[in-house]
Number of protein chains: 2
Amino acid sequence: MATDQSAPERTPAEQHGYIQIADDLRLQIQNGELAAGDELPSLSELVQKYGAGQQTARRAISVLQAQGLITSSQGKRPVVRGSRTRVTRSNRQHHLEKERIRLPEEERRVQGPLEDTTGISLHDATLNVTYREVVADESTPEFETGTPLLRREYETTGKRGNRIAWSVSWIPLAFISSNPDLLDSSNEPWPGSTQHQFSTVGIEIAEVVDTITARAPDTVEAARWGMSPGEPLLVGRDLMRDTQDRVVCVSLSQYPADSTQMEFVTPLPKADQ
Amino acid sequence: MATDQSAPERTPAEQHGYIQIADDLRLQIQNGELAAGDELPSLSELVQKYGAGQQTARRAISVLQAQGLITSSQGKRPVVRGSRTRVTRSNRQHHLEKERIRLPEEERRVQGPLEDTTGISLHDATLNVTYREVVADESTPEFETGTPLLRREYETTGKRGNRIAWSVSWIPLAFISSNPDLLDSSNEPWPGSTQHQFSTVGIEIAEVVDTITARAPDTVEAARWGMSPGEPLLVGRDLMRDTQDRVVCVSLSQYPADSTQMEFVTPLPKADQ
DNA sequence: GAGTGGTCTAGACCACACG
DNA sequence: GTGTGGTCTAGACCACTCC
């Protein structure tokens with residue numbers, strides 16, 4: 001009976017063979033029986049141990065990979081993934097940038113925005129900036145459709161062309177056209193933050209709203225970031241409001257979740273006595 | 001030649017058949033040629049169109065599923081997933097809770113923390129609270145190992161037993177043992193927030209730090225939340241500091257990324273003139 | 001060269017949806 | 001009952017790693 005499905009292993013709780021194998025291995029990983037860096041059993045060992053076909057064992061492995069618990073590559077046994085150290089991206093930065101606005105340019109340059117947000121020094125990375133004039137459409141619902149915008153795209157890539165950081169921002173041209181320097185991408189990296197750029201046209205930022213969510217990357221995105229399967233992409237959409245309560249800048253940024261964490265500090269006013 | 005791999009379709013750019021099929025369909029989805037709710041071609045149609053084996057076509061479908069672009073179920077063709085509306089979880093809440101502390105109990109009860117954070121009314125949901133006394137270990141690195149803690153677990157489930165919200169928090173017993181009501185889970189849901197609970201023992205919260213990341217759920221988690229494949233889990237770790245700069249509470253919370261977004265508002269101090 | 005995972009084909013049975 | 005996806009087996013070639 002070549003295709004007899006009623007294998008003796010099957011229990012009502014664990015309906016499918018590949019899930020049973022995957023769960024068994026998963027528990028070993030979560031228990032610590034298999035520690036980070038350890039090798040998993042080879043496919044043929046799994047086939048023998050669980051009495052399953054090779055494709056079933058393969059599928060179990062691919063489930064664990066999708067859950068981000070293991071990595072696997074050709075010619076080598078699958079390996080238990082360790083937790084990577086994450087770069088912290090904090091909203092404390094918003095405050096620091098505001099304080100730095102009034103420093104002279106030399107001091108503002110000391111540590112640029114790239115180091116701040118990525119923790120990576122410029123020696124190993126290339127920043128690529130693209131400015132383009134566009135009009136607001138459904139991708140920028142915060143602005144009325146048709147509003148002329150400056151679209152600035154920042155991509156930081158590592159030595160091997162892998163993406164390290166990426167963001168886009170949109171600013172209504174009307175707010176910044178009074179300072180032509182702001183429209184010229186050859187002035188990047190600007191010594192200071194977006195907040196400082198706004199200060200040169202008399203706009204003061206009063207509030208930043210960050211909205212965070214996450215999603216699975218598609219094939220192209222995963223390849224660009226060098227992400228391993230099972231690793232989500234953190235997606236942030238930020239919005240800056242000025243002291244007149246106008247939305248002056250919207251930005252979209254992405255980070256691989258296994259190497260990034262976002263931190264938000266909320267100071268609470270002291271209770272009045 | 002049954003196992004001849006050099007199919008005419010293969011180009012150097014698209015090395016593998018299943019990736020080629022998946023990418024082709026992905027582009028159709030991202031272009032809008034296939035809109036949310038539309039059915040994908042059936043497996044046999046894909047087999048015919050791409051001249052591939054059925055398993056290859058299946059694999060392409062499973063890639064799209066892992067990317068969160070489609071849903072698929074037995075007996076029906078795969079369907080393009082629409083973007084779900086997300087519940088916003090905001091740090092504005094931290095401020096609001098602080099203001100509510102001094103209201104009389106009846107007014108505090110008007111809208112409970114559950115509605116605030118989940119947007120779901122209590123009629124459709126069940127809140128399950130578990131209190132336990134534990135000691136600090138490696139899961140609570142913010143406290144010295146061995147410190148006695150109160151561990152409070154909150155699970156909100158929907159009508160069909162599906163998890164809607166979940167969090168755990170740890171509080172050093174020394175801070176709250178002076179008010180025995182705080183140690184008794186039958187007082188839940190407490191009329192007001194954790195901030196209010198601390199106010200009953202003379203502790204005022206000065207700062208909340210939220211740290212956000214994301215990861216793929218494992219089999220059990222995905223089943224508990226009723227998450228579809230390819231949907232990441234947002235994980236938050238929050239920390240409350242009091243006016244004496246002591247860490248008084250640590251909590252861990254999880255949400256399905258496709259139905260949740262986190263919002264953080266950072267007000268910036270006005271520049272002094 | 002042996003071990004091992006990655007991809008692919010061919011063929012089968014089962015479970016579910018829909019008319 | 002027919003269509004359709006979900007699971008499984010058996011067998012094959014390829015690509016990579018390591019000795």
query: Under 4.0 Å between a side-chain N or O of B:Ser44 and OP1 or OP2 of D:dG3?
result: no
- prompt: When all nucleic acid strands are considered with a 4.0 Å heavy-atom cut-off, which category describes A:Gly53: base, sugar-phosphate, or nothing?
  reply: sugar-phosphate
query: For B:Lys76 and C:dA17, what is the distance between atoms NZ and C1' respectively, to the nearest whole Å?
result: 7 Å
query: Can you tell which of D:dT4, C:dG5, C:dA15 lies closest to the side chain of B:Gln74?
result: C:dA15
message: A side-chain contact here means heavy atoms from C-beta on lying under 4.5 Å apart; do A:Leu234 and A:Arg89 qualify?
response: no
message: Under a 4.0 Å threshold between the charged nitrogen and the carboxylate oxygen, would B:Arg237 count as salt-bridged to B:Glu142?
response: yes
task: Could you tell me whether the side chain of B:Gln55 has a donor or acceptor atom within less than 3.5 Å of a complementary atom in the base of D:dG6?
output: no
- prompt: What's the OH-C1' distance between B:Tyr50 and C:dC8, to the nearest Å?
  reply: 17 Å
message: If you compare every side-chain N and O of A:Tyr18 against the phosphate oxygens of D:dT7 (OP1, OP2), does one of them come in below 4.0 Å?
response: yes
Integer-rounded Å distance: D:dG3 C1' and B:Leu46 CG: 15 Å
message: Whole angstroms only, please: what is the CG-C1' distance between B:Leu43 and D:dT2?
response: 16 Å
query: Is A:Ile29 close to A:Ile70 at the side-chain level, that is, under 4.5 Å between some pair of heavy atoms?
result: yes
message: Does A:Arg58 contact C:dG6 through a side-chain donor or acceptor facing the base, at a distance under 3.5 Å?
response: yes
- prompt: A:Arg77 has an atom CZ; how far is it from atom C1' of D:dA15, in whole Å?
  reply: 18 Å
query: Should A:Thr56 be listed as having a side-chain N or O under 4.0 Å from OP1 or OP2 of D:dT7?
result: no
message: On the nucleotide D:dG6, are OP1 or OP2 found under 4.0 Å from the side-chain N or O atoms that B:Ser73 carries?
response: no
message: Nearest whole Å is fine: how far is C:dT7 P from B:Ile19 CD1?
response: 7 Å
message: In whole Å, I'd like the distance from the CD atom of B:Gln54 to the C1' atom of D:dT7.
response: 12 Å
task: Considering only NZ, NE, NH1 and NH2 on the basic side and carboxylate oxygens on the acidic side, decide whether A:Arg215 and A:Glu221 come within less than 4.0 Å.
output: yes
message: Need one value for B:Arg59: base, sugar-phosphate or nothing, where a base atom within 4.0 Å counts as base even if backbone is also close, heavy atoms only.
response: sugar-phosphate
- request: Please determine, for the side chain of A:His16, which listed nucleotide (D:dT9, D:dT7, C:dT4) has the closest atom?
  value: D:dT7
task: Could you tell me the separation between the CG atom of A:Leu25 and the P atom of C:dG5, rounded to a whole number of Å?
output: 12 Å
field: Residue pair A:Thr260 / B:Thr213, side-chain heavy-atom distance below 4.5 Å
entry: no
- prompt: Any N or O donor-acceptor pair linking the side chain of B:Glu45 to the base of D:dG3 at under 3.5 Å?
  reply: no
